[in-house]
Amino acid sequence: MDLPDFSEAAAARLREQVQDRIQPSNPLDTGGSWADPTKPLVYPLTLETFGAEPDFDVIISRFTVPRTGSLGSIGERLEEMEAARQSFPDKLFAVLARTSDQFSDEWAQAVRERRIAFLQGYGRGLRALGRLGEYSRKVHGGSRAPGAIPASTPPRPTGRTLSEIDSKTLLAAAGIPVVKTVAVATADGAAHEAERLGFPVVLKVIAPEIVHKSDAGGVALGLQDGTAVRQAFADLRGVAHAAGANFEGVAVQSMARPGLEIVLGTHRAAQFGPVLLFGLGGIFVEVLRDVALRVAPLGREDARAMLDEIQGAALLSGLRGQAPVDREAIVQALLRLSALMLSRPDIASIDINPALAYPDGLLAVDARVELTD
Ligand code: ADP
Ligand code: MG
């Protein structure tokens, strides 16, 4: 973070109003405690002087926040800060405190209600603001100020979950390649669709209660002919019944050729908006949590950096004579997920687990979209 100097005019104005009580500099020490009788004059004046400086984007107040009990005079300072925010709505007014372990409920409630950026710990707090500036410049370009924190839309992930097929249809419409999948309710229907798609095929149970299909034995891979398809249909119906789930049929899909399993995902976070996730499938994501995360909107360079960032990045380049995967296809899919989340506020999360990455392109074989309610 840069700490620019005051303009000469601002320094002169401060000097004139507060005489020798404070030294007009950046950072500025207002002297005494927050309960000091001079504060109702000095603090608003200081905030206003900083706010009026065209080159200042962020005005940080270093408070000693109450560890327990009521706000006391800090409450008045917060009112004064609120007034300054109203006067300078394009500036970010933040509170920095050394307290990083404990603060009173009253304080927590006050900053939450007023939507004040409360930074705990000097080093971490300033780094966070530096990152915010960096992010803002990237998103808005040029030298625009970070501005106020956007009103958070709390994610409501309790909403409706789309079926695998509806999820894939939505993704396909957004330009993300998905494996051909159709729903059928009978064994005859399954055999017929398998014939149409061409063998080998995959059958997956459709039952609203079964979310992790393979854990329940609800995925039959590599079915080579009609007999195998009919048998699998009967097996999957058995799986649903054994689990006490409502059997609604099966999803018949082409068996995708082998590729590198990757995971692409996104969810709407309360404070950041849509967050994008990339990782390698299987144990890499489930056990090692080897994933890269970014806040939307994603730029092409961000998406490329995500691919390089994971521990298992070498696998993308092809190990032991394997061909490298098509990185740009993955980048493209991440960009499309980012755009989709921005254009569809009714989507709470998307989970593509897995997609198969190839030397040429990629294919999503499982997908789940959750809507807000
Ligand atoms: P779930 O995640 O609900 O257990 P999936 O649909 O992801 O079920 O299927 C489990 C695994 O089966 C996938 O991780 C993938 O390895 C494989 N798989 C699923 N669908 C296909 C397909 N169409 N082609 C090839 N492999 C598939
Ligand atoms: Mg899956």
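Numbering of ligands and ligand atoms starts at 1, following listing order. Being a predicted model, the structure only gives us computed values, none of them experimental.
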Sidechain-backbone polar pair: Asn26 side chain, Pro4 backbone, donor-acceptor under 3.5 Å:
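Side chain of Asn26 to backbone of Pro4, a donor-acceptor pair under 3.5 Å: yes, one is there.
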
So, Lys180 side chain and Gln253 main chain: donor-acceptor pair closer than 3.5 Å or not?
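A pair under 3.5 Å: no.
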
Going by the order shown, which atoms of ligand 1 are within less than 4.0 Å of some heavy atom of [X]?
X: Val202; result: 22 (C), 23 (N), 24 (N)
X: Gln253; result: 20 (N), 23 (N)
X: Ala256; result: 22 (C), 24 (N), 25 (C)
X: Ser254; result: 22 (C), 23 (N), 24 (N)
X: Val211; result: 3 (O)
X: Pro354; result: 7 (O), 13 (C), 14 (O), 15 (C)

Check this for me, if you would: do [X] and [Y] make a salt bridge, where the nitrogen-to-carboxylate-oxygen distance has to be below 4.0 angstrom?
X: Asp366; Y: Lys168; result: no
X: Glu76; Y: Lys39; result: no
X: Arg230; Y: Asp235; result: no
X: Arg115; Y: Glu82; result: no
X: Arg13; Y: Glu16; result: no

For Glu113 and Gln109: C-alpha separation, side-chain torsions, deciding distance, then whether side chain to side chain donor-acceptor pair (under 3.5 Å) applies.
CA-CA 6 Å; Glu113 266 169 13; Gln109 196 187 336; 3.0 Å; yes

Please examine the side chains of Ile59 and Thr46, heavy atoms only from C-beta on, and report whether any two atoms are closer than 4.5 Å.
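No, too far: nothing below the 4.5 Å cut-off.
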
Any idea which part of Asn353 is under 4.0 Å from ligand 1, heavy-atom wise: side chain, backbone, both or neither?
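Within the 4.0 Å criterion, Asn353 contacts ligand 1 through backbone atoms alone.
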
Is there at least one protein heavy-atom neighbour under 4.0 Å from atom 17 (C) of ligand 1?
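Looking at atom 17 (C) of ligand 1, one finds that a protein heavy atom does lie closer than 4.0 Å.
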
For [atom], what is the closest protein heavy atom, and at what distance to 0.1 Å?
atom: atom 9 (O) of ligand 1; result: Val219 CG2, 3.9 Å
atom: atom 2 (O) of ligand 1; result: Asp366 OD2, 3.0 Å
atom: atom 15 (C) of ligand 1; result: Glu261 OE2, 3.3 Å
atom: atom 27 (C) of ligand 1; result: Leu221 CD2, 3.6 Å

Under the side chain to side chain donor-acceptor pair (under 3.5 Å) criterion, do Ser70 and Glu106 qualify, and how do the steps go?
CA-CA 6 Å; Ser70 69; Glu106 286 86 343; over 6 Å; no

Could you check, using the six-membered ring where one of them is a Trp, whether Phe233 and Phe247 have ring centers closer than 6.0 angstrom?
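Ring centroids of Phe233 and Phe247 are less than 6.0 Å from each other.
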
Close aromatic pair by centroid cut-off 6.0 Å: Phe118 and Phe103
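Yes, close enough.
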
Is there a polar contact, in the sense of an N or O pair closer than 3.5 Å, between [X] and ligand 1?
X: Ser214; result: yes
X: Glu164; result: no
X: Lys204; result: yes

I'd like to know whether Thr64 forms a side chain to side chain donor-acceptor pair (under 3.5 Å) with Arg62, so could you lay out the CA-CA distance, the side-chain angles of the two residues, the decisive distance to 0.1 Å, and finally the verdict.
CA-CA 7 Å; Thr64 304; Arg62 208 279 299 165; 3.1 Å; yes

Using heavy-atom distances only, which candidate in Arg257, Lys213, Lys180 approaches atom 8 (O) of ligand 1 most closely?
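Closest candidate by heavy-atom distance is Lys213.
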
Got a sec, which pairs hit side chain to side chain donor-acceptor pair (under 3.5 Å) with one end in residues 237-250, sequence neighbours left out?
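For residues 237-250: Glu209-Asn246.
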
Inside 2.8 Å of the Mg ion (ligand 2) but strictly below it, how many protein N/O/S atoms are present?
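Count of protein N, O, S atoms less than 2.8 Å from the Mg ion (ligand 2): 2.
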
